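This report refers to the structure that appears directly beneath it.
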There are 2 protein chains.
Amino acid sequence: MPMRKDTAMRKVVERQTGVALWRQIADRIRLAISNGDYDAAGMVPPETVLAGEFGVNRHTVRSALAALAEEGLVRAVQGRGTMIERKERVSYPISKRTRFSQGLGRQVKEIGTRLLGHGELPANGEIAKALGIAPGDTVIELRTVSSGDGRPLSVSSSYYPAHRFPRMAEEFERLHSVTKAFAAHGLDDYVRASTEIVARHADAEELSMLKLSPGAIVLEAQSLNADLDGSPVEYSRTRFAADRMKLRIET
Amino acid sequence: MPMRKDTAMRKVVERQTGVALWRQIADRIRLAISNGDYDAAGMVPPETVLAGEFGVNRHTVRSALAALAEEGLVRAVQGRGTMIERKERVSYPISKRTRFSQGLGRQVKEIGTRLLGHGELPANGEIAKALGIAPGDTVIELRTVSSGDGRPLSVSSSYYPAHRFPRMAEEFERLHSVTKAFAAHGLDDYVRASTEIVARHADAEELSMLKLSPGAIVLEAQSLNADLDGSPVEYSRTRFAADRMKLRIET
DNA sequence: TACAGTTGTCTAGATCAATAGACATTTGAG
DNA sequence: CTCAAATGTCTATTGATCTAGACAACTGTA
């Protein structure tokens, strides 16, 4: 069986698919940037060249580049070209001992987690099953958004059994750390029991919280942390901006 | 800080974003189906109701439903309504001992892996770095597509150091199993050393191989397997159809 | 059979996306 | 300075998407 060669001179974009050509092209250029395809020059090829490669009008390419400039990924300078401002995805480690701030430390200078809101609510089926409690039992919800160097990276909803961690919200607000808030309840260590990962289009709330443009992708990690006896202590759904993050699984 | 309530009567879709309304709506309905929001009735709400919820014309909703019907997710019956045909995502386990067929066994009746092509090529920087060989050293590439119950689930490109596994392609064609092909080279056990996960829009080749519609999402897992001495034996990039799969991390 | 509720089809017009071409403006090199 | 190469701006036109309304066809129930 012969090897299929990717000779594709013309980079394919498809029409009449509900996704505008300029957006498909923006996605392709974003990918090429993060792959390092343009590292040699440090800039994107000229608009006329890109238009030729994709088989579209130059104006269509300009729409794509305008969208990328809006994201802060490139910056166009008249007379010179379109320069790459930023390229790497931040790598987020998932391991037995996953703590948010650690592991990102070397990649981002400034990490911030902001509490969006908190509340108590009866556990629905999904949450109750994960935490091993009865549906309707009270859980505490924390909603947070995390940023690196000023860019939002993830939004998260976390659930804690209220009977065991009654002051979770207050302690988190005081200490700005889940690990420390656990410690304030007498829990010194916990480990990741399971993680499920799904990718999908961002919904309207995620678009606005993560400052994404419609059609953008989120990586959703549904994770369960347990104490050393195996009893669940936290269930959370974290949605990462997929174009800014990759997940690294450490087994 | 008060809890933010999601009262959203009107489900928000955004205009002038390069993603057609019908496609945004299709994505939202697909998500609602996989969340089980419509399980009680087993069918999608009437077109007029959906049009009201999203604040669009009924024709726009019809375009969205037509796209979902094309995917085989729903089936419209005149006079009755639009029924849900399929909803679950297949869960793919990632652990120290990840083998493709296992773990999917209970979820899918019929698993097939088809060899698309193979070849020998000099390792590029990415592959050489992963496999711990010199750039330019020969690697064997296997390109496969895997299906469950007739639906394509993933496409994969795998790379093996040719000096150690010279007959990888032939053995895989004969045995239809990477694990058995390794065994034929005298390697009885191997473990997952690392996995990185990225989500992005599918490119044209992935769209056709996975039978996806443009704008669809792939989950790409870049994984490295090593023998028990820690020496890399396989580097692969597997792209999963994100709307059909979720990844389960087992730590 | 009658009817309410639903999907299917058609027409017409408004708005958005993409093409095409022309020319202005800026930059860097010779 | 001059020029080539690149981005910026404008106009006009075509095709795709979305809205609007009307009515046909089918299903299940009363």
Side-chain angles (χ1 to χ4, degrees), chain A residues 10-29 33 38 40-70 72-85 213-215, chain B residues 10-29 33 38 40-70 72-85 213-215:
Chain A
R10 155 99 36 130
K11 294 174 181 169
V12 183
V13 286
E14 308 197 8
R15 290 151 195 267
Q16 298 172 9
T17 60
V19 182
L21 292 180
W22 63 265
R23 180 155 285 281
Q24 296 184 52
I25 291 169
D27 291 337
R28 297 281 298 267
I29 296 175
I33 290 174
Y38 304 141
M43 55 199 308
V44 168
E47 294 168 352
T48 48
V49 173
L50 289 170
E53 285 181 350
F54 289 109
V56 302
N57 191 275
R58 175 172 158 242
H59 293 295
T60 309
V61 170
R62 282 180 60 74
S63 299
L65 290 174
L68 295 178
E70 184 75 19
L73 208 63
V74 300
R75 186 167 50 89
V77 177
Q78 189 172 148
R80 288 180 62 193
T82 302
M83 267 139 298
I84 295 169
E85 294 281 283
S213 40
Chain B
R10 153 99 38 130
K11 294 172 183 170
V12 183
V13 284
E14 309 197 7
R15 290 151 197 267
Q16 298 174 2
T17 61
V19 182
L21 292 180
W22 64 263
R23 179 154 285 281
Q24 295 184 53
I25 291 168
D27 292 337
R28 297 283 297 268
I29 297 174
I33 290 174
Y38 304 139
M43 56 199 307
V44 168
E47 295 168 352
T48 48
V49 173
L50 289 171
E53 284 180 351
F54 288 109
V56 301
N57 192 276
R58 176 175 157 239
H59 294 295
T60 309
V61 169
R62 282 180 59 74
S63 299
L65 290 174
L68 295 177
E70 184 75 19
L73 209 63
V74 300
R75 186 166 49 89
V77 178
Q78 187 171 150
R80 289 180 59 193
T82 302
M83 268 138 299
I84 294 171
E85 292 284 282
S213 42

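Quantities reported herein were computed from a predicted structural model and do not represent experimental measurements. The chains referred to below are lettered A, B, ... by the order of the sequence lines, with proteins before strands, and numbering in each begins at 1.
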Please state how far atom [atom1] in [X] lies from atom [atom2] in [N], giving the value in whole angstrom units.
X	N	atom1	atom2	answer
Leu21(B)	dA20(D)	CG	P	12 Å
Glu47(B)	dT19(D)	CD	P	14 Å
Arg75(A)	dT27(C)	CZ	P	12 Å
Met43(B)	dT7(C)	CE	C1'	10 Å
Arg58(B)	dC18(D)	CZ	C1'	15 Å
Asn57(B)	dG8(C)	CG	P	15 Å
Phe54(A)	dA18(C)	CZ	C1'	16 Å

Tell whether His59(A) reaches the base of dG8(D) with its side chain through a donor-acceptor pair below 3.5 angstrom.
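Looking at the base of dG8(D), it does not pair with any donor or acceptor on the side chain of His59(A) (distance under 3.5 Å).
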So, for [X] and [Y], which heavy atoms are closest and what is the spacing to 0.1 Å?
X	Y	value
Tyr38(B)	Met43(B)	CB-O, 3.5 Å
Trp22(B)	Thr60(B)	CB-O, 3.6 Å
Ala64(B)	Ala26(B)	CB-N, 3.6 Å

Using a cut-off of strictly less than 4.0 Å, decide whether [X] has a side-chain nitrogen or oxygen near OP1 or OP2 of [N].
X	N	answer
Arg80(A)	dT26(C)	no
Arg62(B)	dG8(C)	yes
Thr48(B)	dT6(C)	no

Name the residue from Val61(B), Val49(B), Leu65(B) that meets the side-chain contact (heavy atoms from CB on, under 4.5 Å) definition with Val44(B).
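One option only clears the test, and that one is Leu65(B).
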Heavy atoms, side chains only, cut-off 4.5 Å: are Leu50(B) and Ile29(B) in contact?
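They are in contact (side-chain heavy atoms under 4.5 Å apart), so the answer is yes.
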Go nucleotide by nucleotide along DNA chain C from the 5' end; which of Gln78(A) and Ser63(A) gets its closest nucleotide reached first?
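On the 5' side of the pair lies Ser63(A).
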Minimum-distance nucleotide to Val56(A) side chain [options: dT19(C), dA6(D), dT19(D)]
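Nearest to the side-chain atoms of Val56(A), counting from C-beta on, is dT19(C).
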Contact class for Thr82(A) (heavy atom, under 4.0 Å): base, sugar-phosphate, or nothing?
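The answer is sugar-phosphate, as Thr82(A) gets under 4.0 Å only of primed atoms, P, OP1 or OP2.
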